[in-house]
**Q** 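Quick one: this structure, given as structure tokens, is what I'll be asking you about.
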Amino acid sequence: MKTLVKILVGLLALVVLSPVLFLLTGSLMGDGELQTALGPALTQMEGYAFFRFLPRYPTLASYAGLLLDTPSFFVMFWNSVKLTGAILIGQLFVGTPAAWAFAQYRFPGKRLLFLLYILLMMMPFQVMMLSNYLVLDSFSLLDTHEGIILPAVFSTFPVFIMYRFFQGIPKALLDAARLDGAGDFRLFWNIGIPLGAPGIFSVLVLGFLEYWNLLEQPMAFLKTKALWPLSLFLPNLDLSRAGVAFAASAVAMIPAVLVFLSGQEYLEQGILAAAVKE
């Protein structure tokens, strides 16, 4: 029975990983082999598209073309680094104190304000796109990186995640620190942040995975190609550069995989915290 379960799990894992295998295989194929395999799906070629798990003639030409002959890739890669880094740093400075305040203080309208946070978190970008566009236009932030960074910095989701962890800090510990003369800032800095570190790290991991692959906001608010992140580089490659597209996808996947593997435990904790009902 255990052997059968292992076989089924292995087959399911293979199905889940098949897109990644196709991606890596495509990045090692030559242009001719890719055009033969994908031409019927992407052009007017007759026949049916197909794909192999292993290329017939493996080559690193696509990686060479990407890293040596595609300067726009490095520009967009650096744009993604800047956008993702600025957003995550901003969320820490804005979201961490807000989550601590929601978790530890009582003030008029607290539950109503927190409910508003939850409602905003549940709204998809498409619902808020027009209002965001008008606000950014009024502040002359359209077609700038700041127009992508600032709305994300004030995202409600990090506050919700960190709030769950801060709420779990024992009240007795905080009361004992107050009796020893600790003020509000010392409680936050010396107790809240160390004990809430798993929540903070889970926010960083979840945020990186989201904003590294950000697509809709840059597509809606950025017109200048020199400002585009890496997520907009890939959809603008046609079949003639399919190998470069596969190679770029493989390279862009590396940071996300490394962050996921290094923060997998925090990621699981963040998902569990988000699943707990208020």
Side-chain angles (χ1 to χ4, degrees), residues 1-31 33-42 47-63 66-67 73 77 80-81 84 88 124-125 157-158 160-161 164-165 197-216 229-235 237 239 241-277:
M1 185 64 182
K2 291 184 178 180
T3 303
L4 180 60
V5 171
K6 290 181 180 179
I7 293 174
L8 291 176
V9 171
L11 291 175
L12 289 175
L14 182 62
V15 171
V16 172
L17 292 175
S18 58
V20 178
L21 297 177
F22 288 151
L23 170 64
L24 297 177
T25 299
S27 68
L28 297 175
M29 286 184 175
D31 290 339
E33 191 173 1
L34 281 172
Q35 290 182 7
T36 302
L38 303 179
L42 301 179
Y48 297 95
F50 63 93
F51 214 85
R52 300 185 181 92
F53 278 102
L54 295 174
R56 285 185 175 178
Y57 309 103
T59 176
L60 296 176
S62 297
Y63 288 97
L66 175 70
L67 300 177
F73 171 81
F77 189 94
S80 291
V81 172
T84 305
L88 294 181
F125 170 74
F157 185 68
F160 177 73
I161 295 295
R164 294 296 182 185
F165 286 87
I200 296 173
F201 281 114
S202 68
V203 164
L204 292 176
V205 174
L206 288 168
F208 184 91
L209 296 177
E210 176 181 358
Y211 296 112
W212 183 255
N213 299 300
L214 200 62
L215 184 64
E216 294 173 321
L230 192 57
S231 54
L232 294 186
F233 174 77
L234 303 177
L237 297 177
L239 180 61
R241 305 198 69 194
V244 174
F246 279 112
S249 299
V251 173
M253 185 176 60
I254 293 174
V257 171
L258 293 177
V259 169
F260 174 80
L261 293 177
S262 61
Q264 185 176 3
E265 180 181 352
Y266 299 116
L267 180 63
E268 293 172 355
Q269 293 179 14
I271 295 173
L272 290 175
V276 177
K277 293 184 178 180

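When a residue number appears, it is its place in the shown sequence, counting from 1.
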**Q** Kindly give the heavy-atom pair with the smallest separation between E33 and R56, and that separation in Å.
**A** OE2-N, 3.0 Å
**Q** Mind listing the closest non-hydrogen atom pair of P55 and M29 along with its distance?
**A** CB-CG, 3.7 Å
**Q** Please tabulate, for side-chain N and O atoms in residues 244-261, each donor-acceptor pair with protein atoms closer than 3.5 Å (sequence neighbours left out).
**A**
| unit_1 | atom_1 | unit_2 | atom_2 | d |
| --- | --- | --- | --- | --- |
| S249 | OG | A245 | O | 2.9 |

**Q** How many angstroms lie between CG in L209 and CG in L214, if you round to the nearest 0.5 Å?
**A** 12.5 Å
**Q** So, taking the atom named CD1 in I161 and the one named CG in L206, what distance separates them when rounded to the nearest 0.5 Å?
**A** 6.0 Å
**Q** Identify the two heavy atoms, one from T59 and one from G30, that lie closest to each other, and give their separation to 0.1 Å.
**A** CG2-N, 3.7 Å
**Q** To the closest 0.5 Å, what do you measure between CZ (F165) and OG (S202)?
**A** 4.5 Å
**Q** If you measure from CG on L12 to CD1 on I7, what distance do you get to the nearest 0.5 Å?
**A** 12.0 Å
**Q** To the nearest 0.5 Å, what is the distance between OG1 (T3) and CG (L8)?
**A** 11.0 Å
**Q** Taking side-chain hydrogen bond (donor to acceptor under 3.5 Å, both in side chains) as the cut-off, I'd like each qualifying pair that reaches into residues 7-27, sequence neighbours left out, listed once.
**A** S27-Y63
**Q** Name all residues meeting the side-chain contact (heavy atoms from CB on, under 4.5 Å) criterion together with E216; count only those two or more places apart in sequence or in a different chain, and write none if there are none.
**A** F125, Q126
**Q** What are the two closest heavy atoms between L230 and S80, and how far apart are they?
**A** N-OG, 2.7 Å
**Q** For F208, does its backbone N or O pair with a side-chain atom of T84 as donor and acceptor, under 3.5 Å?
**A** no
